[in-house]
Amino acid sequence: MKKMLFVLMMAFVVNANAQDAKMKTFVDGLMKKMTLDEKIGQLNLITPGSGIPTGAVVSTDVEKKIKEGNVGGLFGVIGVDKIKQAQKIAVEQSRLKIPLIFGSDVIHGYKTTVPIPLGLSASWDMKLIEHSAREAAIEATADGLCWTFSPMVDIARDPRWGRIAEGGGEDPYLGSQIAKAMVKGYQGDDLSKNNTLMACVKHFALYGAAEAGRDYNTTDMSRVRMYNEYLPPYKAAIEAGAGSVMSSFNEIDGVPATGNKWLLTDLLRKQWGFKGFVVSDYTSVNEMINHGMGDLQTVSALALNAGLDMDMVGEGFLTTTKKSLAEKKVTQKQIDDACRRILEAKYKLGLFDDPFRYIDEARMKQEVLTPERRKEAREIAAHTFVLLKNNNQALPLKRSGTIGLIGPLANDKSNMLGTWAVSGDPQMSIPVLDGMKSVGGTGVNILYAKGANISDDTLFAKKVNVFGTRIDIDKRSPAEMLTEALNVANQSDVIVAVVGEASEMTGEAASRTDITLPESQKLLIMALSKTGKPLIVVVMTGRPLALTEENNYATSMIVTWHAGIEAGNAIADVLFGNYNPSGKLSATFPRNIGQVPIYYNHKNTGRPSAPNSPKFQSNYLDAPNSPLFPFGYGLSYTSFSYSDLSIDKKEMKASEKVTASVTVTNNGNYDGEEVVQLYIRDVVGSITRPLKELKGFQKVFLKKGESRKITFSIGIDDLKFYNYDLKWVAEPGDFEVMIGTNSDQVKKSSFKLLK
Ligand code: NOJ
């Protein structure tokens with residue numbers, strides 16, 4: 001058996017080497033024919049501006065530049081016809097007929113939009129996440145694309161930062177699993193297939209650690225923190241074979257990522273062995289001028305020297321590299337290496353065999369936004385919702401009586417898709433009201449009232465509404481809307497209030513200093529609670545919100561994120577109990593903004609939190625240290641109990657494994673899924689270690705009354721961390737093992753790692 005595996009592996013290696021050699025011969029041959037200008041042209045990525053421009057500049061003279069061989073790729077071109085047109089110009093009218101690569105922000109689904117990434121991560125279901133990326137790849141490639149600017153794997157612990165919506169939350173382990181699943185989903189096992197997309201891991205690196213949660217802001221952290229807490233998901237994505245990487249806007253150690261040689265060459269290529277190409281973020285080369293790194297020629301040379309291969313939008317490479325070469329500020333080899341990496345990506349995508357491989361109008365008609373895909377999007381969405389509170393088992397709802405469906409997001413289409421749904425059409429989405437009527441059926445009477453605006457602040461609304469009206473300020477006064485809502489509430493047996501953020505209150509350049517619900521909605525919830533009726537609060541959001549007040553008022557509360565094209569149906573499925581919620585938070589929900597940044601895997605400090613001690617401990621005077629809802633938290637309509645935590649040995653040699661097991665019992669009234677979570681604490685270390693770190697999880701389905709033994713195998717790699725010298729080590733000594741339903745409620749045991 002072992003011998004057979006070895007033979008198979010060797011055959012694979014020989015085959016891969018032969019393929020690499022073939023690619024090298026091809027690219028060598030092509031590069032021999034290329035002029036310096038044509039090589040520099042490959043490093044240029046521009047947008048004609050038909051997508052969503054995320055900077056001040058959009059490109060000009062696109063057609064002329066393609067003909068002259070001054071463009072390597074395009075992004076922001078949506079639609080198979082337009083892509084075909086551009087590719088035809090490249091392969092018919094440019095001298096060397098080199099095909100273009102077509103990229104886009106395919107972030108959470110393509111036309112069939114699924115929940116925002118923060119929502120997807122709350123499913124803790126890697127198969128589902130991989131599948132959602134696979135589906136997105138099928139749709140996007142059917143529409144002519146071959147490259148996605150996803151996954152975004154930036155660890156984020158600051159909910160002020162609007163882009164927390166686009167990632168997998170706060171944890172390096174969960175984030176790494178998601179990174180792998182997404183790369184696998186997009187790229188499949190063969191990039192040259194016409195339904196696989198090249199992934200682009202972003203934003204390299206540490207973009208999620210922007211100071212004060214303000215977008216594009218400075219980051220600064222120790223290498224130890226970087227290696228242990230922020231870099232793992234990028235590394236996991238690279239190890240999963242991601243074809244490209246996007247450099248981030250922020251600086252690292254005082255040098256912007258886009259011009260940071262340590263980051264793009266020493267770490268990414270030398271330490272991690274990355275073989276693909278690196279693209280800048282939108283004008284991030286030029287933005288180094290503002291960072292204070294020099295003029296356009298200087299910053300462009302800095303970026304090329306650092307290891308950046310492709311320049312997005314800013315055209316610093318295009319316009320200054322020749323001069324820099326003549327002045328010996330960059331080398332021919334640097335230009336050749338960057339050009340080669342981009343040509344190799346095109347080769348791997350199969351574009352030299354057939355530049356129209358991804359351009360197939362028939363596929364576009366058959367494979368995009370099909371009823372089957374919509375059905376899947378609905379199921380995916382239901383798996384991402386997190387039940388935060390369910391007093392008196394107010395949920396699931398009965399399919400009888402009168403439901404007062406109230407709130408600014410209760411009958412809304414424009415905010416269902418969430419941020420970064422560039423290719424989705426909000427008009428195709430299902431509002432909650434429609435979903436509730438169709439799932440509730442004829443036995444239930446649904447009354448609707450808007451109740452409040454998402455926000456009454458016109459200036460705020462103007463900033464949010466840059467891509468279309470997301471906050472629609474009603475012609476009626478807030479008082480009139482509230483009266484109507486209370487009227488509806490008083491006629492109802494139960495109130496379902498659908499509140500939260502507009503989609504563009506998160507995402508790029510959407511940071512907030514206040515992460516509570518806008519005042520208009522707070523007042524609505526408070527007024528509804530005073531009716532004394534059971535109050536179900538459904539919260540749509542792209543970030544962890546501080547929901548302390550709503551938690552006090554609500555009978556039940558559920559977070560549904562921005563759930564995508566089938567939002568309304570999926571929400572109704574869960575509220576009426578067709579699907580029992582199983583999501584768990586992938587980012588901590590604080591009590592208030594003052595606790596931010598807040599995350600579960602923090603250090604102990606020398607004066608750990610001691611809630612009852614009035615002085616000289618690491619506490620707040622005015623709030624507990626604990627969050628409102630911890631990482632990993634999420635309820636179900638049923639309940640699960642944990643018992644009999646056991647580990648098979650008290651001492652472990654480095655070559656051995658420890659098996660930890662626990663019995664999980666569904667002792668409630670419904671079948672349901674539970675995410676069983678394993679945390680480990682390294683009790684004594686050569687550097688301080690977190691109080692706990694997620695090291696494993698399993699999502700299991702248990703029928704009502706069923707018990708199951710869940711087993712985790714802990715190996716030496718699960719005990720390793722980067723020490724002071726950035727060596728990946730496991731240090732002998734005591735380890736605590738914790739298994740439970742969230743990061744706070746765990747059963748504990750321990751073992752010793754022997755020398
Ligand atoms: C800027 C964003 O930071 C990045 O995530 C995105 O991929 C590019 N714009 C292209 O749209």
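Numbers here simply count residues along the sequence, with the first being 1. Whatever order the structure lists them in is the order used to number ligands and atoms, beginning at 1.
- Heavy-atom proximity to Lys202, at under 4.0 Å, picks out these atoms of ligand 1: 4 (C), 5 (O), 6 (C), 7 (O).
- Among the atoms of Asp105, some N or O lies under 3.5 angstrom from an N or O of ligand 1.
- The side chain of Glu508, and not its backbone, has at least one atom closer than 4.0 Å to an atom of ligand 1 (non-hydrogen atoms only; side chain from C-beta on).
- Residues Glu211 and Thr218 bring no donor and acceptor atom of their side chains to less than 3.5 Å of each other.
- Looking at Asp154 and Tyr234, their side chains do bring a donor and an acceptor atom within 3.5 Å of each other.
- Geometrically, ligand 1 and His203 share a nitrogen or oxygen pair separated by less than 3.5 Å.
- Only the side chain of Trp420 comes within 4.0 Å of ligand 1, counting heavy atoms alone; its backbone N, CA, C and O stay farther away.
- Asn44 and Glu315 share a side-chain donor-acceptor pair at under 3.5 Å.
- Under the 3.5 Å distance criterion, with hydrogens and angles disregarded, a donor-acceptor pair is assigned to the side chains of Glu287 and Thr283.
- In this comparison of Asp154, Ile107, Asp281, the heavy atom closest to atom 1 (C) of ligand 1 sits on Asp281.
- The ligand atoms of ligand 1 that sit less than 4.0 angstrom from a heavy atom of Phe75 are 10 (C), 11 (O).
- In this model, a donor atom of one side chain and an acceptor atom of the other lie less than 3.5 Å apart for Thr588 and Glu170.
- Side-chain contact of Thr506 with Glu501: a donor-acceptor pair under 3.5 Å is absent, judged by distance alone.
- Residue Arg163 places at least one N or O, backbone or side chain, under 3.5 Å from an N or O of ligand 1.
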> Could you go step by step and tell me if Tyr207 and Lys202 meet the side chain to side chain contact (heavy atoms under 4.5 Å, CB included) rule?
Replying inline: CA-CA 9 Å; Tyr207 184 36; Lys202 68 187 190 186; over 6 Å; no

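- Using a 4.0 angstrom heavy-atom cutoff, Met246 counts as in contact with ligand 1.
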